[in-house]
J.: 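Below: one structure in structure tokens.
For ligands, and for the atoms within them, numbers begin at 1 and follow the listed sequence.
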Amino acid sequence: MSKKHLFQFLDSPRGMPAKVSLAERVAGSFDELYGRFEQADAAHQAGRCLDCGNPYCESKCPVHNYIPNWLQLVQEGRIIEAAALCHETNPLPEMCGRVCPQDRLCEGACTLNDGFGAVTIGAVEKYIVDAAFAQGWRPDLSKVKPTGKRVAVIGAGPAGLACADRLARSGIEATVFDRYEQIGGLLQFGIPSFKLDKAVIATRRGVLEGMGVRFRLGVDVGRDIAIDALLREYDAVFLGLGAYRYTDGGLPGQDLQGVLPALPFLVQNGRLVTGSEPAGRPIAGWEDQLVLPDLCGKRVVVLGGGDTGMDCVRSAIRLGAASVTCAYRRDEANMPGSAREVANAREEGVRFLFNRQPLAIERGADGAASGVRVVETRLAEADASGRRHAVAIAGSESVIVADVVIIAFGFSPQVPAWLQALGVQAQANGRLRVGGNGRLPYQTGHDALFAGGDCVRGADLVVTAVQEGRDAAASIARMLRGKKSIPLALSGA
Ligand code: FAD
Ligand code: SF4
């Protein structure tokens, strides 16, 4: 047990687990960037917590984790209790500990962030769950009474997995369908291994199966099985469909050879890295995007400054690109990507060009892409939504030379026709409408259909998808309780 004193944060600086060396990263290592704390390091970092009376970190965390409480348990070496407590609020704590943009969430709100260095909350959360799983701990559902109710979950992304976890804890049998061959959604097919080792997802699958959750993978609902069949067979259906409609920038030249959309690039590369699937296997919705170009020695330009853009630039570095440039239309302060990931990208040699709006992809003599024509921008005053728009500066055009251009402008949801036919409505931006007008939270216009995650919020974060899947399960249990008594024991390990 580590000894804590009140002002430990003054003597002990904030510390993260060791990173894979820069030399290994630029030489092509896709290993998870941050290592794991040992017990003593985790306890020491946890001991920096001030245990504020009103913990802002908890309020800012979308799932409202009991952060100071589990930091205290880590100091006392009570890892199993800490893991159980983590799971009370967060069905996927080991994922969130790895991929949350903590600088904008829990750690950004930590009192010590004001000059002393925030407590390394995410890394400790990852440590707790990894250590507890390694010791053989698993959620204890021995007191859960089966209700006889059955729910189909469409989508094995964080929203669907969180929903399935909470359903299982309520004694409701959950069967998760996904069109992909593995669980995880964008955790598996999007986020690269250097942010999240895919073995972590495999472990979580085993944990969920141990809780009684069933998976039917490689099943595209609407094509391989009709929603009507699911509605007949199950008491309710949760939709965790994600957001996969590609934001089309409409750039002249975007169809030239050498121009790639970000997600197929990341998915194909992820398959190569993990060796799990043949890289040539079609990606649902991207069947025409099968060839992963050789980036070795190429000048790569990535357009877009979100998480997807950061994953592309850092993957391109590892794939041996001669140079990697990220062009973003606003300034660094207004970039949506996590500050930690931007810092890591810079460290790995990525060049950032802020305030650059792409205008067109230039065509080279060989007919392929040869560069990106951009115009410099300035930021206008904030509009009603608080966002500052980029305004082009006349006469400031230039060309960034490129052999390969990766477009990472983001995604929005799209309602499948089979849902529209059931009266499920969406907003103009494709987000499914849930709740309101006497509906339960996360209930769609169809009584038995609930939804959450990116298909409701628009492309957002893993932790917000987890929160919505978790809370949608509570609504589903409430609805089914109306038909037959089901205890709302949605927390507890
Ligand atoms: P998804 O993860 O997209 O899962 C939806 C699942 O539904 C998919 O597996 C899909 O196959 C399945 N599905 C859809 N329709 C059907 C159907 N008809 N039949 C069967 N299955 C279906 N967030 C962070 O917090 N941190 C990050 O670092 C981060 N990095 C990101 C990097 C990239 C490249 C991308 C694209 C996103 C990133 N995000 C990150 C965002 C995060 O991954 C998403 O917000 C989150 O995964 C959304 O979860 P979800 O469950 O709603 O959807
Ligand atoms: Fe922080 Fe995310 Fe963990 Fe919440 S879930 S404590 S925001 S890392």
Side-chain angles (χ1 to χ4, degrees), residues 57-58 60-67 70-71 86 89-90 92-110 118-126 128 153-163 176-192 195-196 216-225 227 230 239-244 262-263 265-267 270 283-285 306-312 315 337-338 340-341 408 410-411 413-414 416 418-419 451-469:
C57 56
E58 270 190 30
K60 195 73 187 188
C61 165
V63 290
H64 303 310
N65 274 338
Y66 303 130
I67 298 166
W70 42 251
L71 290 175
C86 281
T89 46
N90 190 349
L92 304 176
E94 76 286 21
M95 316 280 180
C96 294
R98 285 172 162 85
V99 304
C100 272
Q102 285 103 8
D103 42 78
R104 284 196 269 135
L105 301 173
C106 53
E107 294 179 10
C110 173
V119 176
T120 43
I121 298 168
V124 175
E125 190 176 23
K126 159 178 152 172
I128 293 169
V153 172
I154 309 177
L161 297 181
C163 183
V176 184
F177 294 80
D178 202 295
R179 59 162 69 109
Y180 288 139
E181 60 276 12
Q182 289 174 44
I183 74 161
L186 287 171
L187 293 168
Q188 177 77 39
F189 298 105
I191 296 178
K195 274 166 55 181
L196 173 68
R216 288 189 55 190
L217 303 177
V219 179
D220 193 329
V221 176
R223 189 193 66 187
D224 303 328
I225 185 166
I227 185 74
L230 296 183
L239 308 162
L241 306 178
Y244 290 90
L263 197 55
F265 163 69
L266 291 170
V267 173
I283 306 168
D307 280 328
T308 309
M310 291 312 97
D311 290 348
C312 290
S315 296
S338 147
R340 184 184 60 191
E341 301 310 325
F411 305 92
Q414 191 165 28
W418 47 266
L419 269 184
D454 278 5
C455 66
V456 167
R457 306 176 64 85
D460 197 15
L461 294 175
V462 169
V463 66
T464 49
V466 166
Q467 174 258 312
E468 294 211 337

J.: What is the closest protein heavy atom to atom 4 (O) of ligand 1, and at what distance does it sit?
T.: Gly157 CA, 3.4 Å
J.: Using a 4.0 Å heavy-atom cut-off, say whether Leu161 meets ligand 1 through its side chain, its backbone, both or neither.
T.: neither
J.: Please classify the Ala159 to ligand 1 contact at 4.0 Å (heavy-atom distances, strictly less than): side chain, backbone, both or neither.
T.: both
J.: Nearest 0.5 angstrom please: Cys61 SG to Tyr66 OH, how far?
T.: 11.0 Å
J.: To the nearest 0.1 Å, how far is atom 19 (N) of ligand 1 from its closest protein heavy atom, and which atom is that?
T.: Val221 N, 2.9 Å
J.: Nearest 0.5 Å, please: how far is NZ in Lys126 from OG1 in Thr120?
T.: 11.5 Å
J.: Between Ser315 and Phe265, is any pair of side-chain heavy atoms under 4.5 Å apart?
T.: yes
J.: Please examine the side chains of Phe411 and Asp454, heavy atoms only from C-beta on, and report whether any two atoms are closer than 4.5 Å.
T.: no
J.: Applying side-chain hydrogen bond (donor to acceptor under 3.5 Å, both in side chains), name anything that partners Lys60, two or more places apart in sequence or on another chain.
T.: none
J.: Identify the protein heavy atom lying closest to atom 37 (C) of ligand 1, giving its residue, its atom name and the separation to 0.1 Å.
T.: Leu186 CD1, 3.9 Å
J.: Name the closest protein heavy atom to atom 44 (C) of ligand 1, giving the residue it belongs to and the distance to 0.1 Å.
T.: Asp454 OD2, 3.3 Å
J.: Pick one of side chain, backbone, both or neither for how Lys195 approaches ligand 1, counting any non-hydrogen atom pair under 4.0 Å.
T.: side chain
J.: Give a yes/no on ligand 1: does Pro158 have at least one heavy atom closer than 4.0 angstrom to it?
T.: yes
J.: If you leave out waters, which protein N, O or S atoms are less than 2.8 Å from atom 3 (Fe) of ligand 2?
T.: Glu125 OE1
J.: Can you name the residues that form a side-chain hydrogen bond (donor to acceptor under 3.5 Å, both in side chains) with Asp224, not counting sequence neighbours?
T.: none
J.: Side chain or backbone, does Ala243 bring an N or O within less than 3.5 Å of an N or O on ligand 1?
T.: no
J.: Of the listed options (Val176, Leu419, Asp460, Thr308), which comes nearest to atom 39 (N) of ligand 1 when hydrogens are ignored and any heavy atom counts?
T.: Asp460
J.: Taking the side chain as everything from C-beta on, heavy atoms only, tell me whether Tyr244 gets closer than 4.5 Å to Leu263.
T.: yes
J.: Return the residue, atom name and 0.1 Å-rounded distance of the protein heavy atom closest to atom 12 (C) of ligand 1.
T.: Asp178 OD2, 3.3 Å
J.: Judged by non-hydrogen atoms, does Ala459 sit under 4.0 Å from ligand 1?
T.: no
J.: Can you list the ligand 1 atoms lying under 4.0 Å from a non-hydrogen atom of Val219?
T.: 19 (N), 20 (C)
J.: List the closest protein heavy-atom neighbour of atom 38 (C) of ligand 1: residue, atom name, distance to the nearest 0.1 Å.
T.: Ile191 CG1, 4.1 Å
J.: At what distance, to the nearest 0.5 angstrom, does SG of Cys100 lie from CG of Leu105?
T.: 5.5 Å
J.: Is the closest side-chain heavy-atom distance between Phe189 and Glu181 below 4.5 Å?
T.: yes
J.: Does a donor on one side chain and an acceptor on the other come within less than 3.5 Å for Asp307 and Ser338?
T.: no
J.: Under 4.0 Å from a heavy atom of Ala465: which atoms of ligand 1 are those, numbered in the order shown and with their elements?
T.: 48 (C), 49 (O), 52 (O)
J.: Take every heavy atom of Val456, measure it against each atom of ligand 1, and state whether any distance is under 4.0 Å.
T.: no
J.: If hydrogens are left out, which of Gly185, Gly240, Gly155 has an atom nearest to atom 5 (C) of ligand 1, that is, the closest non-hydrogen atom?
T.: Gly240
J.: Mind checking side-chain hydrogen bond (donor to acceptor under 3.5 Å, both in side chains) for Gln102 and listing every partner two or more places apart, or none if nothing turns up?
T.: Arg340
J.: Which heavy atom of the protein is the closest neighbour of atom 34 (C) of ligand 1, given with residue, atom name and distance?
T.: Leu266 CD1, 3.4 Å
J.: Can you list the ligand 1 atoms lying under 4.0 Å from a non-hydrogen atom of Gly453?
T.: 52 (O)
J.: At the 4.0 Å heavy-atom cut-off, does Asp220 count as touching ligand 1?
T.: yes
J.: Between Val99 and ligand 1, does any nitrogen or oxygen pair lie at a separation below 3.5 Å?
T.: yes
J.: With respect to atom 20 (C) of ligand 1, which of Glu341, Gln102, Arg104, Arg179 exhibits the smallest heavy-atom separation?
T.: Arg179
J.: Contact between Tyr244 and ligand 1, counting heavy atoms under 4.0 Å?
T.: yes
J.: May I ask you to identify the nearest protein heavy atom to atom 53 (O) of ligand 1, giving residue, atom name and distance to one decimal place in Å?
T.: Gly242 CA, 3.4 Å
J.: Taking atom types as modelled and ignoring hydrogens, do the side chains of Asn65 and Glu125 form a donor-acceptor contact shorter than 3.5 angstrom?
T.: yes
J.: Could you check whether any side-chain heavy atom of Asn90 comes within less than 4.5 Å of a side-chain heavy atom of Cys96, counting everything from C-beta outward?
T.: yes
J.: Are the side chains of Arg98 and Lys195 in touch, meaning some heavy atoms are under 4.5 Å apart?
T.: no
J.: Check each of Val176, Asp178, Ile227 against Ile154 using the side-chain contact (heavy atoms from CB on, under 4.5 Å) test, and report the only one that passes.
T.: Ile227
J.: Using side-chain heavy atoms (C-beta onward) and a distance below 4.5 Å, is Leu196 in contact with Met95?
T.: yes
J.: Output the distance between atom CD (Gln467) and atom CG (Leu92), rounded to the nearest 0.5 Å.
T.: 13.0 Å
J.: For ligand 1, which atoms, with element, lie under 4.0 Å from some heavy atom of Val462?
T.: 23 (N), 24 (C), 25 (O), 42 (C), 43 (O), 45 (O)
J.: Quick one: closest heavy-atom pair of Leu241 and Cys455, and the distance?
T.: N-SG, 3.7 Å
J.: Looking only at heavy atoms, is any part of Asp311 under 4.0 Å from ligand 1, and if so is it the side chain, the backbone, or both, or is it neither?
T.: side chain
J.: Measure Trp418 to ligand 1 on non-hydrogen atoms and call it side chain, backbone, both or neither using the 4.0 Å cut-off.
T.: side chain
J.: Would you mind listing which atoms of ligand 1 come within a distance below 4.0 Å of any non-hydrogen atom of Ile154?
T.: 17 (C), 19 (N), 20 (C)
